[in-house]
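It should be emphasised that the depicted structure is a prediction, and the values quoted were computed from it without experimental measurement. Convention: sequence-line order gives letters A, B, ...; per-chain numbering from 1.
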Amino acid sequence: MCVLFTSLNLYCEVHHIRMDSKYASVGVGNNLKSNGLKRKHAVENIKVKKIKLSNDNVNKTNNVKVETNGHDNIKESKVVKETVQDLQEARRQLPVYMVRNRLLEEIKKNDTMILIGETGSGKTTQIPQLIHEQRLEGAGTIAVTQPRRVAAITIAMRVAAEMNTDIGSIVGYSVRFEDVTSPRTKVKYLTDGMLLREAILDPLLKKYSIIVLDEAHERTVSTDVLFGIVKLAQKERADKKLNPLKIIIMSATMDVDTFRKYFHNCPVIYLEGRTFPVTIYHSKMKQDDYQYAAVCTIFQLHATTPANHDFLVFLTGQEEIETVMYNIKQIAKEATGPPIRVCPLYAGLPAAKQLQVWREAPPGTRKIILATNIAEASVTIPRIKCVIDTGVVKERTWSGGTGAERLAVRAGSQAAGWQRAGRAGRTQPGAAYRLFTADDFRSRPLHQTPEILRCPLASTLLLLIAAGAEPSTFPLIDTPPPDSVKASLTLLKELGAIDSEVNPKLTVIGKKMSTFPIEPKYSKVLLSAPEYNCLDEMLSLIAVLSSENVFHTPMHKREEAIKVKQKFLSPLGDHITLLNVFKAFCKAPLKKQWCKENYLNHKNLTYACEVRQQLLAICHKLNLTVSSCGQAYDQVLKCLLCGLFTNCAWQRGGAAGGAGVAGRYVTAAGAAAALHPASALHAARPAPPVLLYTELLSTSRTYMLTVSAIQPQWLHQVAPEYARRCRANR
DNA sequence: GAGCACTGC
């Protein structure tokens, strides 16, 4: 253990930076170019400005609560008034508010503009309000998109409070499962995915006169597609002399050239922000083992900083977090310094355990949070003084060829580095320790590869075609690899959603498929279900498959978790097992407690219930007959095959291979794949000759996840044409 | 016989 402390002096200080701006507050275009020195200075700081405003939101909800409670009685209305005044005062302090007149002039003048705003500039809450105060939206509505639902909801609540109005009236929000708007709504916050759904019904988005696409630098698939949708809508509305559309792109990035070029060299406006200085330290030398380096750094800092300094450590995943947590606890027993409380934080962690992160540690105790990327932008943790950045991220990519996704640990981008560092400067000055050298940092890409270049495209393409677009000419900032597009179009054709891969049009089935907010493979399953008399079962199964993993398996209680899982297991495979879990969950009276006892994720199962309701409503609209096949699970699996027929795998060397080659399969695309050890079929002997898998994921090997055994002849019955081609290729 | 980063409809 002493070894850990030999490499104490890992760091050299690189720079001490303020996270707020050195720019002229509002300026169009080239205010970076005044002179060489200033420019260099500015460029140094540019990199620091990648911290997002929406992160403020979680903190701000408190005010909203006071306000809503205040409606209940007169005594508290005083509190409300003060709060409203406080809110107004806070507004006036924001950098955006101070330059509002210049800003409004620019907004009036330009049809399209890009707004670069740093954290704390107030752009997301203030700009829609300023526009509305001037009634620039006219008879239309202002739409403001966000990549995350929590952000859309909390910002809308904040803005409603600032405008002293009820949420859902003038100010509203729209996210999946929840539409809090009315015909009076003029400022509407919504997730980018929701606006995209609206574009299927009206590709010109005519009810909006101003569309603000916020957090554009995150480059989610939805925002990327929306760029194209609004660009085309703006042009077509102008051509047809309809009401004009004003587009405002808001971003935290400094790499605006790509955006600007895409939007016909539109003006770019910079807004300063207001955060605290963060000192950045880089490792002097290359660290071969970042987990080890992280633990060293934690105890180095632990011995030298006051106990009330909370640490935030960025790691890649659950397993790593659990390992590091174990190591910290072991070392802490003998280390000097204040007592330690370690809090894990990752998306798969049950909500109750996540909450530990926001509980203040007892005085004199050090809090160390071990988090995945979830802490980078999705959640904000107050009082973080030190960030420890391992510099790695777990990234999912996809290759159309085999249909397999790859999950791999990679070096993060520079943008991610600044984003992570910024988490230390939210409420006070802080420090960020990077477990890699300054040279390493400079050699990294400025941004992560946009999602649209590395994800399956079938659902995006189906949506585009449903919105009347032609995939081959649709304007995207970054063009996905042709192979990916081809593979996804082929799949849509095989599913019967489109008539042709060239200049595709929706078929009748395709039109129905596009109304479901799920993967095309899954919507095909639902549409096939009445034929197999099992829509009731399929709604449940598809809802669970569309949600995150419902099993929670902590490392230290693995054996017990696996044992408890036994009672749900079906010899037919994982799909029926999941169905058993979902049915049992629906029947359980005390769901939270029941989930805890059964090592299941309550949040994800509840989410699946909501998805099921939504899917059921769509099925009703489409006049589909909802019936149950009872225990005839063959029907369920055959029906599943109707959408997932491209996901079959055959045992190598045929069934005769026997137990010796269990787990060795080859997919229809010819890729070698193994049964994932967590599968219900992993221990099945003899190993099933033909499998139907839900997902193909490459980690250390290529694994089939969520798998059922099927009869070889089913494929011929369900998808004869595909089966013939498959046979020819095998 | 190995572990699923994070969003979203």
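- Among the heavy atoms of the strands lying under 4.0 Å from A/Val175 are primed sugar atoms or P, OP1, OP2 only; no base atom is included.
- Backbone-only contact: A/Thr316 has heavy atoms under 4.0 Å from sugar-phosphate atoms and none from a base.
- Heavy-atom neighbours of A/Arg176 CZ from other residues, nucleotides or ligands within 6.0 Å: above the threshold of 12.
- Under a 3.5 Å cut-off, the side chain of A/Thr515 and the backbone N or O of A/Lys512 do form a donor-acceptor pair.
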Item to complete: For side chain to side chain donor-acceptor pair (under 3.5 Å), just list the numbers for A/Glu320 and A/Tyr290, CA-CA rounded to whole Å, side-chain angles, deciding distance to a tenth of an Å, and then say yes or no.
Response: CA-CA 11 Å; A/Glu320 194 169 281; A/Tyr290 65 83; 2.6 Å; yes
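- Other residues, nucleotides and ligands contribute at most 12 non-hydrogen atoms within 6.0 Å of the NZ atom of A/Lys596.
- Within 4.0 Å of A/Leu196, counting heavy atoms only, lies no atom of the nucleic acid at all.
- At distances below 3.5 Å, not a single donor-acceptor pair connects side-chain atoms of A/Ser484 with backbone N or O atoms of A/Pro480.
- Across all strands, A/Glu548 comes closer than 4.0 Å to base atoms (heavy-atom distances).
- Residues from residues 509-517 of chain A that place a heavy atom under 4.0 Å from any atom of DNA chain B, listed by number: A/Pro517.
- Taking the nucleotide of DNA chain B with the nearest heavy atom to each of A/Ile562 and A/Tyr607, the more 5' of the two is matched to A/Ile562.
- For the pair A/Asp574 (side chain) and A/Val707 (backbone), a donor-acceptor distance under 3.5 Å is present.
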